[in-house]
Number of protein chains: 2
Amino acid sequence: MKIKAYDISKTASATTLIFDAIRQAIIKGDLAQGEPLRQEDIARAFNVSRIPVREALLKLEQHGLITSQRYKGAVVAGLSLDEASEIFEFRALLEPEVIRRAVPQMSPQVLETAESCCDAFGRADDPMQWGDLNRRFHTTLYASSGLGFHMDVLDKAMDRIDPYLRAQLLLSDGMQRANREHRMIVEACRAGQADRAADLTRQHILGAQESLSRYWQE
Amino acid sequence: MKIKAYDISKTASATTLIFDAIRQAIIKGDLAQGEPLRQEDIARAFNVSRIPVREALLKLEQHGLITSQRYKGAVVAGLSLDEASEIFEFRALLEPEVIRRAVPQMSPQVLETAESCCDAFGRADDPMQWGDLNRRFHTTLYASSGLGFHMDVLDKAMDRIDPYLRAQLLLSDGMQRANREHRMIVEACRAGQADRAADLTRQHILGAQESLSRYWQE
DNA sequence: GATCTCATTATTGGATACAATATACATTAT
DNA sequence: ATAATGTATATTGTATCCAATAATGAGATC
């Protein structure tokens with residue numbers, strides 16, 4: 001079983017815990033696309049019945065992380081390069097607006113956290129951490145925007161594309177460039193330059209997309 | 001094969017049917033915000049057990065149409081003016097891009113369908129039909145874009161805001177103006193003017209938002 | 001009268017059992 | 001041998017039952 005199965009606690013519903021565990025496994029690439037997810041197997045792994053498992057799978061399907069067919073079960077969703085590109089473009093459209101709104105609201109504490117992500121990002125040598133820190137960097141800045149709905153759909157978009165983003169970070173200068181661009185974005189935020197932060201964010205995303213697209217065909 | 005095999009409604013699961021029914025009820029305003037949704041009641045209404053009902057409620061929660069608390073149940077989600085405005089702005093950001101991509105791909109048939117929506121819109125006197133036709137008008141045009149992810153999140157945004165959009169159509173010149181603007185959008189599409197269609201769409205949405213905001217305050 | 005237990009009830013979360021469907025394999029007919 | 005058909009098995013969908021929790025109300029205490 002490739003899913004990390006915690007023993008269920010009472011604080012959160014079983015459904016939520018199972019959802020989180022499988023989501024992590026997919027995002028980190030532990031579960032490859034197309035991998036089937038059998039209700040019974042998952043239920044055994046978590047020491048629960050199939051009911052909460054089914055509800056977790058339903059949530060995963062809504063997030064686009066799995067696809068399921070009636071009476072046939074669920075598999076980890078695949079993503080073609082075209083679909084990945086579409087989601088990159090979606091992010092490139094949305095995130096500049098989000099950060100533009102966030103900049104005027106950013107507390108020093110938020111900027112501090114973002115910079116600590118940059119520092120840790122530069123020091124980390126575990127490729128898996130890069131993905132986590134990259135994601136935390138962006139969500140930290142965006143949180144100040146106060147935009148609930150935008151963030152909801154953005155989270156979904158990031159979930160969907162996360163494995164590809166991690167792959168992009170592993171490319172020759174992927175991590176180096178991401179680090180450079182992150183620091184420029186923070187700088188613009190600290191200076192209160194919302195438009196510049198928005199523009200840098202847009203280029204940051206489109207750059208990652210292009211980088212991934214180039215290296216895709218080999 | 002001479003026998004035409006209609007698919008009995010076995011194709012859809014009970015969960016799906018319940019989800020659709022409740023979604024419609026919320027979108028059309030039959031269920032007011034804050035209205036509690038008891039699993040047992042719904043199960044009786046559909047002659048099923050609570051299991052498919054719970055799964056339908058989960059999907060509705062993912063769509064943002066209801067909110068639920070552990071051991072306390074679900075209620076129809078509310079939406080403040082601020083939240084509604086955010087979603088209008090979200091749509092204003094996304095839909096111009098979607099239609100811009102759709103215009104070059106539109107078949108004559110699609111344009112025909114869109115115009116038939118306009119005609120029916122003008123003739124209809126039932127306010128409830130306006131909302132349906134308005135929605136169908138937009139989704140018809142957008143379908144040509146081939147953007148799967150964009151449409152997914154857009155559907156969610158439209159679901160969320162639909163009751164407010166219907167309210168806006170009921171305002172003094174809401175329906176008249178919508179009709180006018182719809183025809184201008186179709187015209188641009190037919191002429192292959194993607195940028196113009198995008199711009200008109202943006203103004204169409206922001207106009208509806210402003211109209212609703214003004215009315216809201218008095 | 002107000003408020004604080006504490007039992008009662010209503011409602012949701014989850015487990016078990018059964019029904020519906022798909023898949024894999026064996027069997028038969030051509 | 002190949003395609004069609006029947007059977008067994010695996011897997012999902014749903015119903016029924018029990019457990020955990022929240023809402024309700026009656027009586028006790030001040």
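Fair warning: this is a prediction, and the values are worked out from it, not measured in the lab. Labels below follow one simple rule: chain letters A, B, ... track the order of the sequence lines, proteins then strands, and each chain is numbered from 1.
- Going from atom CD of A:E40 over to atom C1' of D:dT9 covers 14 Å, rounded to whole Å.
- One distance of note links OG1 of A:T15 with CG of B:L58; it measures 6.5 Å at 0.5 Å rounding.
- Between B:T15 and D:dT14 there is a side-chain polar atom (N or O) within less than 4.0 angstrom of OP1 or OP2.
- Separating the CG atom of B:N47 from the C1' atom of D:dT16 is a distance of 16 Å, rounded to the nearest angstrom.
- One can place CG of B:L37 at 13 Å from C1' of C:dT12, the figure rounded to the nearest angstrom.
- Residues from residues 54-62 of chain A that place a heavy atom under 4.0 Å from any atom of DNA chain C: there are none.
- Applying the ring pair (Phe, Tyr, Trp, His ring centres under 6.0 Å) test to every pair with at least one member in residues 49-84 of chain B, sequence neighbours left out, gives these pairs: B:F19-B:H63.
- Listed by first then second residue, pairs satisfying ring pair (Phe, Tyr, Trp, His ring centres under 6.0 Å) with a partner in residues 81-112 of chain A read A:F90-B:F149, A:F90-B:H150, not counting sequence neighbours.
- Atom pair A:R50:CZ and C:dG13:P shows a separation of 19 Å (rounding to whole Å applied).
- Applying the side-chain hydrogen bond (donor to acceptor under 3.5 Å, both in side chains) test to residues at least two apart or on different chains, the pairs with a partner in residues 91-109 of chain B are A:E89-B:R101, B:R91-B:E95, B:E95-B:Y142, B:E97-B:R100, B:R100-B:D195.
- For residues 53-67 of chain A, every residue pair satisfying the salt bridge (Lys or Arg N to Asp or Glu O under 4.0 Å) rule, not counting sequence neighbours, is listed here: A:R54-B:E55, A:E55-B:R54.
- A:E40 is linked by a salt bridge (Lys or Arg N to Asp or Glu O under 4.0 Å) to A:R44, counting only residues two or more places apart in sequence or in another chain.
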Check the interface with nucleotides 7-11 of chain C: list each N/O to N/O pair with the protein under 3.5 Å, or write none.
from: C:dT11; atom 1: OP1; to: B:R38; atom 2: NH1; distance (Å): 3.4

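- Rounded to an integer number of Å, the gap from CD1 of B:I42 to P of C:dT12 is 9 Å.
- Remark: B:P36 pairs with B:R38, B:V75 by the side chain to side chain contact (heavy atoms under 4.5 Å, CB included) rule, at least two apart or across chains.
- Each of A:I51 and A:A74 was assigned the nucleotide of DNA chain D with the nearest heavy atom; the assignment lying further toward the 5' end belongs to A:A74.
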Report all side-chain donor-acceptor pairs from residues 156-163 of chain B shorter than 3.5 Å, counting only partners two or more places apart or in another chain.
from: B:K156; atom 1: NZ; to: B:Q62; atom 2: O; distance (Å): 3.3
from: B:D159; atom 1: OD1; to: B:R23; atom 2: NE; distance (Å): 3.3
from: B:D159; atom 1: OD1; to: B:R23; atom 2: NH2; distance (Å): 2.9
from: B:D159; atom 1: OD1; to: B:R135; atom 2: NH1; distance (Å): 3.1
from: B:D159; atom 1: OD1; to: B:R135; atom 2: NH2; distance (Å): 2.8
from: B:D159; atom 1: OD2; to: B:R23; atom 2: NE; distance (Å): 2.8
from: B:R160; atom 1: NE; to: B:G64; atom 2: O; distance (Å): 3.2
from: B:R160; atom 1: NH1; to: B:G64; atom 2: O; distance (Å): 3.2
from: B:R160; atom 1: NH2; to: B:G78; atom 2: O; distance (Å): 3.4
from: B:D162; atom 1: OD1; to: B:R166; atom 2: NE; distance (Å): 2.7
from: B:D162; atom 1: OD1; to: B:R166; atom 2: NH2; distance (Å): 3.4
from: B:D162; atom 1: OD2; to: B:R135; atom 2: NH1; distance (Å): 2.8

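- The two residues B:L111 and B:C189 come nearest to each other via the heavy atoms CD2-CB, 3.8 Å.
- Between the CZ atom of A:R44 and the P atom of D:dA10 there is a distance of 12 Å, given to the nearest Å.
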